[in-house]
A.B. asks: 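Sharing a structure with you now.
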Amino acid sequence: MSELSKTYEPQAIEEKWYASWLAGGCFDAHPERVTPDRPAYSIVIPPPNVTGVLTLGHVLNNTIQDILARRARMQGKEVLWLPGTDHAGIATQTVVERTLKKAGEIKHRDDLGREKFLEKVWEWKEKHGGIIIQQLKKLGASCDWKRERFTMDPEYSACVQRVFADLFEKGSIYRGKRMVNWCPVSRTALSDEEVIMKAQSGMLYHFRVEIAERPGTFLTVATTRPETIPGDTALAVNPKDSRYSEFIGLHAVRPLPAELPREERLIPIIGDEHVEFGFGTGVLKVTPAHDKADFEIGQRHGLAAPDIMNPDGTMNALAGVALAGKDRFEARKIAVALLTELGLMEKEEPHQNNVGFSERADVPIEPRLSSQWFLRYPSQDASREVVKSGKMRFFPERWTKVYEHWMEQLQDWCISRQLWWGHRIPVWYFAGSDLAAARAAVGHEAAPEAVRQLEDGSIAYCGLIAPADLTYWQQDNDVLDTWFSSWLWPFATMGWPEETATLKAFYPTTDLVTGPDIIFFWVARMIMAGFEYRGELPFRNVYFTGIIRDKQGRKMSKSLGNSPDPLDLIAKFGADALRFGVMRSAPLGQDVLFDEKNVELGRNFCTKLWNAARFRQMQGGAPEGEIHSDLLSTDDKWILLRLDGAIAEVSHALDEYRFSDAAQALYRFFWNEYCDWYLEASKALLNGSDAALRDNTLAVTDFVLAHTLRLFHPFLPFITEELWHGLGFNQELPADQGGHSLMQARWPLPLGEDFRAHYGLLPEDEARAQARFDVVLAGRGLRRDFNIPSNKRVPFVLKGEAPVSAHDVEVIKILLNAESLEVAGNIWEPTRGTPSSLTPLGHLYLPLNGLVDVAAERERLGKEIAKIEQELLKVRTKLSNETFVSGAPEAVITEHRQRESDWQDKLGEIRRVAAALAD
RNA sequence: GCGCGGUUAGCUCAGCGGUAGAGCGCUUGCUUCACACGCAAGAAGUCGCAGGUUCAAACCCUGCACCGCGCACCA
C-alpha cells in the first residue's frame, strides 16, 4: 500500500494495470474450470473491421461487454470474452484500392490482377490490422486475447467453405440470373440489406410516344429515368384503365436511340395490373433490365431484357451513339435534350422519390440482371420460434417485432460479390455438359450432390478440395459476402467443426451486445446458422445498444467531422472517465447523444473517488479492521444501510441490462450519500479523542469503500484497481479472490438478515440520521437567508423536546460549519426576531447578536407561510373531496391526513414565530 | 402506406396511477485542513394538444400534431 498521489493521473495507472492483468492471465478462459459451481459465461465480440479504428460506437458496445464480463468474473463465473476482427470485404478492398489509386500505382484493380492486388490487401491488413485491437485494450477490454480470431484465418475460412458446400449439397444455395442491386462504383452485386433508401428530389419527365398503328396519335409517358429509354421493350397500361385499354396490342415507337430505323424501335403496348392509374400519366415505360418491377412485368409478358449499361454505370453501345460511354446521370441529361429536340418532351416537373443507395459507396445502386449465388435461409422456423417463445430474449424487447417482421418476409440472400478480398466461392465449373463425365473428372470422392447442373445448364462442382485436374475446371471468380462468414462467428471462433472443449463449455454464448442496425445483417443470420449447424440458439440474450449521435442528434460521420476520436478522449480524461461518461448517458434502448461534457463528468467523478480514498488514507490505520456493532454511530448505521440499498439497486439494474441506471445509482450513492454526508459526518469521530470510536468508524469506512470499489470495478476498472491496492484492501485476501486483482474479488451481495441483526441496522436508523440531516439543511437555509458567508462560523441554538447526543451535536456542528451548537432547554428564549427554522429535532435558531433584521425575517417567514399554505390547500382540497375520501384506499387517505397534520403543525409553529415578531 | 420510438426545468434525460426528479448550464456565497475536476444555497416545469377511464393521470385508453428511425413503395 503506497501513498496516493495528490491528483489522479490515469495514463500511468491504466498502462500499469492492464499489463498486470495480462501478465496474471486474468482474462483467460479455461473450459476445464467450468463446473456446476462455476458456470460458464461467454460473449463473442462483434468483430470490428480489421483495418478499422475505434469509434464511440465501439466504446459504447465494448464497455457494455466489458462490464458484463467483469461482473460475471466477480460473480465467480468462468468467463470467455472472445475477441477478433472481420475482413470486411467491400470496405477493406475499397480502401486499399482507393489508396493505390491515390498513390498513382493503379487506375483500377485490374491493372494489378487478382493475385498481386490481394498481396497488397494483405500488406495493408498487416500494417493497419490490429490497430483497433490495441485501442480496445486501451479502453480496458478484458478479452481473452490469446483466442483472437480473424474471419480469414485458415481455419475460419475452412468453416466458411464447409458451410457453403454443405448448403450447396442441401440445395439451399443456387446460382441464378436475377435482378440484383448493383453498385457501379464497387462493381459488385449487393444484398438488399446493403441498399439504403434515400428520399431524392428529382424530376419527372413527361414525353410523348407515337402509336405506330395510328400515326399522329401519341401517348404520354412519365419517367424519372429517360436515359433508360433505349432499354425499353414495352409500354404498359392498366387493362382496366379506360383511357388506354384500346391501345393494348398496338405498338409504340420508342424514340431512342434515334438513329435506329423506326421498325427496330417498335415496342408493344401491353396491359399489366401493376400499372397505377393515378401515377404520372398512367402509362409506364417497361425497362426489364434496369428496374425490378419492370423485370417482373417483362417476365410475365415474355419481353426481352436488353442491358444497355456497363458494370461501371456508363451506357453501352445498345444505348445509342448519343449515350454510349456516358455516365448514367450525364446520359439522363442528354436523353432529355434529345427528346426535347425531337419535340417529344412535354414537361418536366419536380418529383420526390426514393432511390436505393449503396451503403458503402454512397451512390445510387443500379438494378441489374446478373448471374449470382443465392441462399435460401436455413432453419427459419426454429429461428423464428426461439425469439417468439422468449427462449432467446432481446433487450429492449421491442426489437423482437422488427426481427419477426423481417423473418416473415425473408428474401433469398445474394451472397456472391464481384470482389477479390474475401472467401472465394468453392465452386468449379466444368468444361463440358456431361454430368457423369464431370463427376468422374472431380478426381476424388465427392458427394453426388456436390456436382450439379445449374439453372443456366453449366455443370458445377462444389467442395472443400479443388478438383484434382484443373484442366477441365475453372473456379468461380467471385467471393462471398462478408456476412456469409460473420454469421458463423459464435461457433467458428470456437473450433467448429471439431467438438472442442471450448465449444462444449462456452457454447451457446450467454450475451450478445450489438447495435440494432445490424439485426438483419448479423443477428438474425447468426441465429439461423446457429440452429442449422449447432441445432440450438447461438446466444441466450441479445442486448441492442443505442446509436451514438452528436449533441444535435445527428449520426456520427466522418464527413460531418462530428465524431470525436475516443483515444483523444482517453488521453484527455482517462479511459475510466470515458467509460463512465458514456455508460451514464446510454439508457436502455435509447440513442445516445454524445457530449464531451459527459466524459468530463466521468473524469470529475474519478477525481472525487480518488480524493475520497485519499482522505481515508490520510486518516492512517490498518484497513479492514473489525466493525464493533456496539460502537456504531448513527451515521455508520445510515451509510451501511445506504450501501445495502446501492448494492441491491446496482445489481438489479445490471441484471436487467440497465447500465445507465446502475451508473447513476453508483454516482448518487458515492457522491451524494457517502461523500456529501457520511464522510463529512465521520469527521466528528475521526477528529475526536475516542480512539475506539475512531477505529470503528475507519472500519466502517473501509467496509464501505471496499464494497464500493467492487461495485464500481466493472465500470471503472483502472482507478478501482489502483485504489484497491493503494488502500491495501487486497492484503488479507487470497490471491485469486482479490489479493492479486480486484477483478477477481467477489461481487458484493446485499447485506443479509444476519448482518443487519448483528450490527443492529434498523429502518429507524435511516430516519434518525435523516432527521439530523434535516436540521443541517434548515441551518444552511438560515445561513443563506441571512447572508452568512459559508466560511463564517456562527453559533446555532437547537431547542427541542427530545435529547440530542453529544455526537449528534458534533456532527451537526461540522456540517453547518457552526462555531457552536447549543442545545437549549425549554426555559431558553431567543431574542425577539431571532431567525429560526422548525426541524424534526426542534427549533433551530441562528442568533445574530442584535444584528437581526426584523423586517427581513418577517419577509422570509411570510414566504414560507405562503408556501406551506399552498401545500396545505392542495392536500385539504383532496381530503374534502367526498369521492376521494370514499373511493381511495385507506392507506392513501391516512397518508394524506398525516401530510395535512404535518403541514398544519409546521404552519402553526411558523405563525407563532411570526406573531412574536409582529409586536 | 405499415410499424417502432420520442415529445417532462435553458440542454440531455429519469420517473410510468397517489406531495414533479437528476446531471449539465444558470444565479449567489465560499480557496472551510480529501477534492474549485470542489463545497453550500438557490431560481427555473399549465410533464406536446384534445378527449376519455379513475376517488386520483406525466404515468392507463383513444384521437391528433410534431420529431426521429425502420420496412414497403408508383415508373
A.B. asks: Any idea how A:Tyr667 and A:Phe580 line up, ring-wise: parallel (<30°), tilted (30 to 60°), or perpendicular (>60°)?
C.D. replies: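 Geometry flag for A:Phe580 against A:Tyr667: parallel rings.
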A.B. asks: What orientation do A:Phe544 and A:Trp399 show, parallel under 30°, tilted 30 to 60°, or perpendicular over 60°?
C.D. replies: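 Geometry flag for A:Trp399 against A:Phe544: tilted rings.
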A.B. asks: In this structure, how many angstroms lie between the P atom of B:C13 and the CZ atom of A:Arg658, rounded?
C.D. replies: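 After rounding, the reported distance stands at 19 Å.
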A.B. asks: Partner of B:C39 by Watson-Crick or G-U wobble geometry, both contacts under 3.5 Å, or none?
C.D. replies: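 Pair assignment: B:C39 / B:G29.
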A.B. asks: Yes or no on ring pair (Phe, Tyr, Trp, His ring centres under 6.0 Å) for A:Phe295 and A:His290, after CA distance, side-chain angles and deciding distance?
C.D. replies: CA-CA 7 Å; A:Phe295 176 72; A:His290 297 284; over 10 Å; no
A.B. asks: Please give the distance between the P atoms of B:C4 and B:A43 as a whole number of Å.
C.D. replies: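 After rounding to an integer number of Å, I get 42 Å for this pair.
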A.B. asks: Across all strands, who's sitting opposite B:C13 as a Watson-Crick or G-U wobble pair, both distances under 3.5 Å?
C.D. replies: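 Per the H-bond distance test, B:G21.
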A.B. asks: Among B:G18, B:A34, B:A41, which nucleotide has an atom closest to any side-chain atom of A:Leu777?
C.D. replies: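 Of all the options, the side chain of A:Leu777 is nearest to B:A41.
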A.B. asks: When the distance from CG of A:Asp595 to P of B:C11 is rounded to whole Å, what number comes out?
C.D. replies: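 Atom-to-atom, A:Asp595 to B:C11, this comes out as 14 Å.
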A.B. asks: Donor-acceptor check, side chain of A:Arg254 to backbone of A:Leu256, threshold 3.5 angstrom: yes or no?
C.D. replies: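 Judged by distance alone, yes, a pair lies under 3.5 Å.
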A.B. asks: Is the distance between the ring centroids of A:Phe659 and A:Tyr543 under 6.0 Å?
C.D. replies: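 Distance test on ring centres: under 6.0 Å, yes.
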A.B. asks: Classify the nucleic acid contact of A:Cys675 as base, sugar-phosphate or nothing, counting any heavy atom under 4.0 Å across all strands shown.
C.D. replies: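 The residue A:Cys675 makes base contact.
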A.B. asks: When the distance from CD1 of A:Ile548 to C1' of B:U12 is rounded to whole Å, what number comes out?
C.D. replies: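 A:Ile548 atom CD1 is separated from B:U12 atom C1' by 14 Å.
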A.B. asks: Could you identify the nucleotide paired to B:C60, looking across every strand shown and requiring Watson-Crick or G-U wobble geometry with both distances under 3.5 Å?
C.D. replies: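 Pairing partner: B:G52.
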A.B. asks: Using a strict 4.0 Å threshold on nitrogen-to-oxygen distance, state whether A:Asp232 and A:Lys285 make a salt bridge.
C.D. replies: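 Yes.
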A.B. asks: In whole Å, what is the span from the CD atom of A:Gln904 to the C1' atom of B:U19?
C.D. replies: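 To the nearest whole Å, that distance equals 17 Å.
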A.B. asks: For residues A:Phe712 and A:Phe605, establish whether the separation of their ring centroids is below 6.0 Å.
C.D. replies: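 Aromatic pair counts; centres sit under 6.0 Å.
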A.B. asks: Taking atom P in both B:G18 and B:G10, what distance in whole Å separates the two?
C.D. replies: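 Going atom to atom, P in each nucleotide, I get 24 Å.
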A.B. asks: Which protein N or O atoms sit under 3.5 Å from an N or O of nucleotides 72-75 of chain B?
C.D. replies:
| residue | atom | partner | partner atom | Å |
| --- | --- | --- | --- | --- |
| B:C73 | N3 | A:Asn354 | ND2 | 2.8 |
| B:C73 | N4 | A:Asn354 | ND2 | 3.1 |
| B:A75 | O3' | A:Thr224 | OG1 | 2.8 |
| B:A75 | N6 | A:Glu276 | O | 3.0 |
| B:A75 | N6 | A:Phe279 | O | 2.9 |
| B:A75 | N1 | A:Glu276 | N | 3.3 |

A.B. asks: Report yes or no: do A:Asn181 and A:Asp192 form a side-chain donor-acceptor pair below 3.5 Å?
C.D. replies: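 Present: a donor and an acceptor within the cut-off.
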A.B. asks: Would you measure the distance from the P atom in B:C30 across to the matching atom in B:C67 and give it in whole Å?
C.D. replies: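 Nearest-Å result for B:C30 against B:C67 at atom P: 48 Å.
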A.B. asks: Classify the glycosidic conformation of B:A58 as syn or anti, calling it syn when the angle lies within 90° of 0.
C.D. replies: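 It is syn.
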A.B. asks: Could you tell me if A:Asn604 and A:Glu600 have a donor-acceptor pair between their side chains, going purely by distance under 3.5 Å?
C.D. replies: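 The criterion, which ignores hydrogens and geometry beyond distance, is not satisfied for A:Asn604 and A:Glu600.
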A.B. asks: Could you walk me through whether A:His274 and A:Phe279 pass the ring pair (Phe, Tyr, Trp, His ring centres under 6.0 Å) test, one step at a time?
C.D. replies: CA-CA 11 Å; A:His274 170 80; A:Phe279 189 90; over 10 Å; no
A.B. asks: Might you point out which heavy atoms bring A:Pro364 and A:Val355 nearest each other, and give the distance in Å?
C.D. replies: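 That closest heavy-atom pairing would be CB-CG1, 3.8 Å.
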A.B. asks: Which protein N or O atoms sit under 3.5 Å from an N or O of nucleotides 23-31 of chain B?
C.D. replies:
| residue | atom | partner | partner atom | Å |
| --- | --- | --- | --- | --- |
| B:G23 | O4' | A:Arg584 | NH2 | 3.1 |
| B:U28 | O2 | A:Arg784 | NH1 | 2.9 |
| B:G29 | N2 | A:Ser790 | OG | 3.2 |
| B:C30 | O4' | A:Ser790 | OG | 3.4 |
| B:C30 | O3' | A:Asn791 | ND2 | 3.2 |
| B:U31 | OP1 | A:Asn791 | ND2 | 3.1 |

A.B. asks: Please evaluate the base of B:C37 for a donor-acceptor partner in the side chain of A:Thr607 within a cut-off of under 3.5 Å?
C.D. replies: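 Per atom types, the contact qualifies.
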A.B. asks: Measure from CD on A:Glu649 to P on B:G15 and round the result to the nearest Å.
C.D. replies: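 Between P of B:G15 and CD of A:Glu649: 12 Å.
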A.B. asks: Select from A:Leu679 and A:Asp661 the residue whose nearest nucleotide in RNA chain B is closer to the 5' end of that strand.
C.D. replies: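 With A:Leu679 and A:Asp661 compared, the 5'-side residue is A:Asp661.
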A.B. asks: With sugar-phosphate meaning primed atoms plus P, OP1 and OP2, does A:Arg899 contact a base, only sugar-phosphate, or nothing at under 4.0 Å between heavy atoms?
C.D. replies: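 The residue A:Arg899 makes base contact.
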A.B. asks: Taking the P atom of each, how far is B:C11 from B:G63, in whole Å?
C.D. replies: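 The answer is 29 Å between these two P atoms.
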A.B. asks: Output one line per pair: protein atom, nucleotide atom from nucleotides 1-5 of chain B, and distance, for all N/O pairs under 3.5 Å.
C.D. replies:
| residue | atom | partner | partner atom | Å |
| --- | --- | --- | --- | --- |
| B:C4 | OP1 | A:Lys401 | NZ | 2.9 |

A.B. asks: Between B:U19, B:G18, B:A34, spot the one nearest the side chain of A:Lys874, thanks.
C.D. replies: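 Selected nucleotide: B:U19.
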A.B. asks: Can you check the A:Glu596 CD to B:U12 P distance for me, whole Å?
C.D. replies: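 Result: 18 Å.
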A.B. asks: Partner of B:C4 by Watson-Crick or G-U wobble geometry, both contacts under 3.5 Å, or none?
C.D. replies: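 Result: B:G68.
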A.B. asks: What's the gap between B:A22 and B:C35 when it is taken at their P atoms, as a whole Å value?
C.D. replies: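 To the nearest whole Å, 27 Å.
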A.B. asks: Under 3.5 Å for both donor-acceptor distances, Watson-Crick or wobble: does B:C47 have a partner, and if so which one?
C.D. replies: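 Base partner found: none.
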A.B. asks: Determine the interatomic distance between C1' on B:G38 and the same-named atom on B:C24; round to the nearest Å.
C.D. replies: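 The answer is 16 Å between these two C1' atoms.
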A.B. asks: Considering every strand and a 4.0 Å limit on heavy-atom distances, what is the contact class for A:Arg603: base, sugar-phosphate, or nothing?
C.D. replies: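 Base, at least one base heavy atom under 4.0 Å.
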A.B. asks: Rounding to an integer number of Å, can you tell me how far A:Arg876 CZ sits from B:A56 P?
C.D. replies: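 So the two atoms are 22 Å apart, to the nearest Å.
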A.B. asks: Measuring only the C1' atom in each nucleotide, how far is B:C39 from B:A34? A whole number of Å is fine.
C.D. replies: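 Straight-line distance between the two C1' atoms is 12 Å.
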A.B. asks: Which is more 5' along RNA chain B, the nucleotide nearest A:Gln619 or the one nearest A:Val195? Just name the residue.
C.D. replies: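 By nearest-heavy-atom nucleotide position, the 5'-most residue is A:Gln619.
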A.B. asks: Do A:Ser901 and A:Gln904 have a side chain donor and acceptor closer than 3.5 Å?
C.D. replies: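 There is no such pair between these side chains.
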A.B. asks: For B:A34, does either OP1 or OP2 sit under 4.0 Å from a side-chain N or O belonging to A:Trp671?
C.D. replies: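 It does not, given that no N or O in the side chain of A:Trp671 lies less than 4.0 Å from OP1 or OP2 of B:A34.
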A.B. asks: Rounded to whole angstrom, note down the P distance from B:G17 over to B:C61.
C.D. replies: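 That atom pair is separated by 11 Å.
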A.B. asks: Would you say A:Lys878 reaches B:U19's phosphate, i.e. side-chain N/O to OP1/OP2 under 4.0 Å?
C.D. replies: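 False: A:Lys878 side-chain N/O out of range (4.0 Å or more) of B:U19 OP1/OP2.
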A.B. asks: Atom CD of A:Gln411 and atom C1' of B:C71: how far apart are they, to the nearest Å?
C.D. replies: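 Between C1' of B:C71 and CD of A:Gln411: 12 Å.
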A.B. asks: Answer yes when A:Lys683 and A:Glu810 have at least one side-chain N-carboxylate O distance shorter than 4.0 Å, and no when they do not.
C.D. replies: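 No, A:Lys683 and A:Glu810 are not salt-bridged.
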A.B. asks: One thing to verify: whether A:Lys597 and A:Asp595 come together as a salt bridge, which I'm taking to mean a side-chain N less than 4.0 angstrom from a carboxylate O.
C.D. replies: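 No, no charged N to carboxylate O under 4.0 Å.
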A.B. asks: Contact class for A:Pro889 vs. all strands (heavy atom < 4.0 Å): base, sugar-phosphate, or nothing?
C.D. replies: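 A:Pro889: base contact, heavy atoms under 4.0 Å.
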A.B. asks: Could you tell me whether A:Lys813 and A:Glu819 make a salt bridge, using a distance below 4.0 angstrom between a side-chain N and a carboxylate O?
C.D. replies: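 No salt bridge links A:Lys813 with A:Glu819.
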